[in-house]
Amino acid sequence: ECFDLAILDLHDESCLIENPYFYLSDLDCSPCENVYNVIDLTGVEGINAYKKVFEGVPFIIKTNQPEVSFKDLQQLYKNYTAELASDSSRLQTRNLDVNSIKDVLSLDEHALSPNVHIQWRVNKMAAARIIRKVFSRPHFFLERTGQAVEHFLHVDGANAEPYSLPNPECSYVFIIQGSGERTIALKPPRECAKHCKAISVHMEPAYVLLYNWWYWRPVSLPGSVYPNLSISYMNSYC
């Protein structure tokens with residue numbers, strides 16, 4: 001039975017093994033060559049997110065995204081246990097000994113270490129639809145925007161150590177800060193290291209960061225203001 005479940009999980013994967021040595025020798029680095037900071041486009045009308053991200057320009061926008069707390073995640077799991085439990089084991093943690101998101105959400109928030117890091121990867125349609133109930137589509141996305149099924153939830157203590165964010169299915173990526181804060185450093189890939197500079201942005205609640213992972217490889221670092229947990233959501237679109 002366990003073997004059968006493992007095979008079913010593999011069926012949902014678009015890529016079984018990621019090649020860590022992948023290198024694109026002819027990557028055009030001009031899209032990131034003259035980018036020196038992450039621009040804030042809050043309040044700017046008629047944003048063409050596709051065009052800017054395709055061009056390699058990362059930007060942030062403050063949205064009307066409601067705050068998402070740890071208690072909100074606990075309540076969500078309580079309300080939709082069956083749907084979320086089927087995709088609860090794709091978990092990576094640091095400074096926490098648990099096996100599933102159910103184990104994580106059964107904990108008291110105040111019992112979590114300031115150094116804790118939790119990454120929950122969701123890769124099933126039913127679970128993805130539930131997560132979108134608390135992390136809604138950014139208002140400036142077109143209705144026909146094709147979001148990937150693969151989602152990531154990150155829960156970090158105020159002192160959680162830096163870590164690299166994954167490269168999701170699609171190259172156009174957005175990160176929604178639900179609560180707390182993190183600093184996201186965007187580093188150019190090694191193909192463009194000689195041409196492009198690393199930049200960073202401070203993420204606060206309700207802000208959305210968009211970038212193209214062909215040109216930017218993100219690292220999440222601790223913030224400096226909020227002592228509470230950081231909860232963020234990551235998805236991509238093609």
Side-chain angles (χ1 to χ4, degrees), residues 17-22 37-38 58 60 65 67-74 77 87-123 131 134-135 150-169 173-190 192-193 196-213 215-236:
I17 301 176
E18 185 174 344
N19 180 4
Y21 303 106
F22 176 75
N37 52 56
V38 178
I60 58 169
Q65 165 70 42
E67 182 172 345
V68 180
S69 67
F70 192 73
K71 287 184 178 179
D72 291 329
L73 297 182
Q74 290 176 317
Y77 192 87
D87 207 13
S88 68
S89 61
R90 293 183 171 92
L91 202 71
Q92 294 180 17
T93 64
R94 186 186 296 160
N95 297 315
L96 191 64
D97 185 19
V98 294
N99 297 314
S100 70
I101 196 65
K102 177 183 178 181
D103 296 337
V104 171
L105 297 177
S106 66
L107 299 171
D108 187 302
E109 175 181 349
H110 302 291
L112 296 174
S113 162
N115 299 312
V116 70
H117 164 62
I118 301 162
Q119 175 181 284
W120 181 29
R121 177 172 175 263
V122 174
N123 201 37
I131 300 300
V134 292
F135 286 101
E150 181 187 50
H151 304 249
F152 294 89
L153 271 179
H154 292 105
V155 179
D156 295 294
N159 301 325
E161 295 178 5
Y163 60 89
S164 295
L165 290 167
N167 293 331
E169 292 178 31
V173 186
F174 65 95
I175 299 172
I176 302 175
Q177 190 69 26
S179 58
E181 61 164 351
R182 291 293 281 180
T183 294
I184 304 296
L186 295 172
K187 300 181 178 181
R190 58 185 180 129
C192 298
C196 305
K197 299 181 180 296
I199 55 178
S200 65
V201 63
H202 183 69
M203 295 290 291
E204 295 186 348
Y207 272 91
V208 180
L209 167 66
L210 293 96
Y211 64 91
N212 185 334
W213 73 251
Y215 302 109
W216 305 103
R217 304 298 165 85
V219 176
S220 179
L221 304 100
S224 58
V225 179
Y226 297 98
N228 56 317
L229 286 176
S230 165
I231 298 177
S232 59
Y233 165 84
M234 181 182 193
N235 194 7
S236 62

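The first residue in the sequence is number 1, and the count goes up from there. Every value quoted in this text rests on a predicted model; they were computed, and no experiment measured them.
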Atom of Thr93, atom of Leu96 and distance for their closest heavy-atom approach: OG1-O, 2.8 Å
Min side-chain heavy-atom separation Ile184-Leu165 under 4.5 Å: yes
Derivation of the side-chain contact (heavy atoms from CB on, under 4.5 Å) call for Ile175 and Phe152: CA-CA 9 Å; Ile175 299 172; Phe152 294 89; over 6 Å; no
Under 3.5 Å donor-acceptor, Trp213 side chain and Pro168 backbone: yes
Min side-chain heavy-atom separation Pro222-Asn159 under 4.5 Å: no
Met203 and Val201: CA distance, side-chain angles, deciding distance, side-chain contact (heavy atoms from CB on, under 4.5 Å) verdict: CA-CA 6 Å; Met203 295 290 291; Val201 63; 4.3 Å; yes
Separation between CG of Asn228 and CG of Asp156, rounded to the nearest 0.5 Å: 12.0 Å
Nearest-0.5 Å distance, CD1 of residue Ile231 to CG of residue Leu153: 8.0 Å
Contact check, side chains of Asn235 and Ile131, non-hydrogen atoms, under 4.5 Å: no
Non-hydrogen side-chain atoms of Leu186 and Tyr215 separated by less than 4.5 Å: no
Reported NE2-to-CG distance for the pair His151 and Asn123, which is rounded to 0.5 angstrom: 8.5 Å
Side-chain heavy-atom pair Val155, Leu73 within 4.5 angstrom cut-off: yes
Polar side chain donor-acceptor pair, Gln177 to Ser230, under 3.5 angstrom: yes
OG on Ser200 to CG on Asn37, rounded to 0.5 Å: 9.5 Å
Test item: Trp216 and Ile199 side chains (from C-beta on) under 4.5 Å apart, heavy atoms: yes
Close side-chain approach of Leu105 to Phe70, heavy-atom, < 4.5 Å: yes
Distance in Å, Gln65 CD paired with Phe135 CZ, rounded so as to fall on 0.5 Å steps: 6.0 Å
Ile60 vs Glu204 side-chain heavy atoms within contact, under 4.5 Å: no
Ser220 backbone acceptor or donor facing Arg182 side chain under 3.5 Å: yes
Stepwise side-chain contact (heavy atoms from CB on, under 4.5 Å) test for Glu161 and Asn115: CA-CA 7 Å; Glu161 295 178 5; Asn115 299 312; 5.7 Å; no
Donor on one side chain, acceptor on other, Ser69 and Asp72, under 3.5 Å: yes
CD on Gln119 to CD1 on Ile101, rounded to 0.5 Å: 11.0 Å
Parallel, tilted or perpendicular, as decided by the 30° and 60° cut-offs, for the rings of Tyr163 and His154: tilted
Leu229 vs Glu109, side-chain contact (heavy atoms from CB on, under 4.5 Å): CA-CA, chis, key distance, verdict: CA-CA 8 Å; Leu229 286 176; Glu109 175 181 349; 3.7 Å; yes
Contact summary for Ala160 and Val116, nearest pair of heavy atoms: CB-O, 3.4 Å
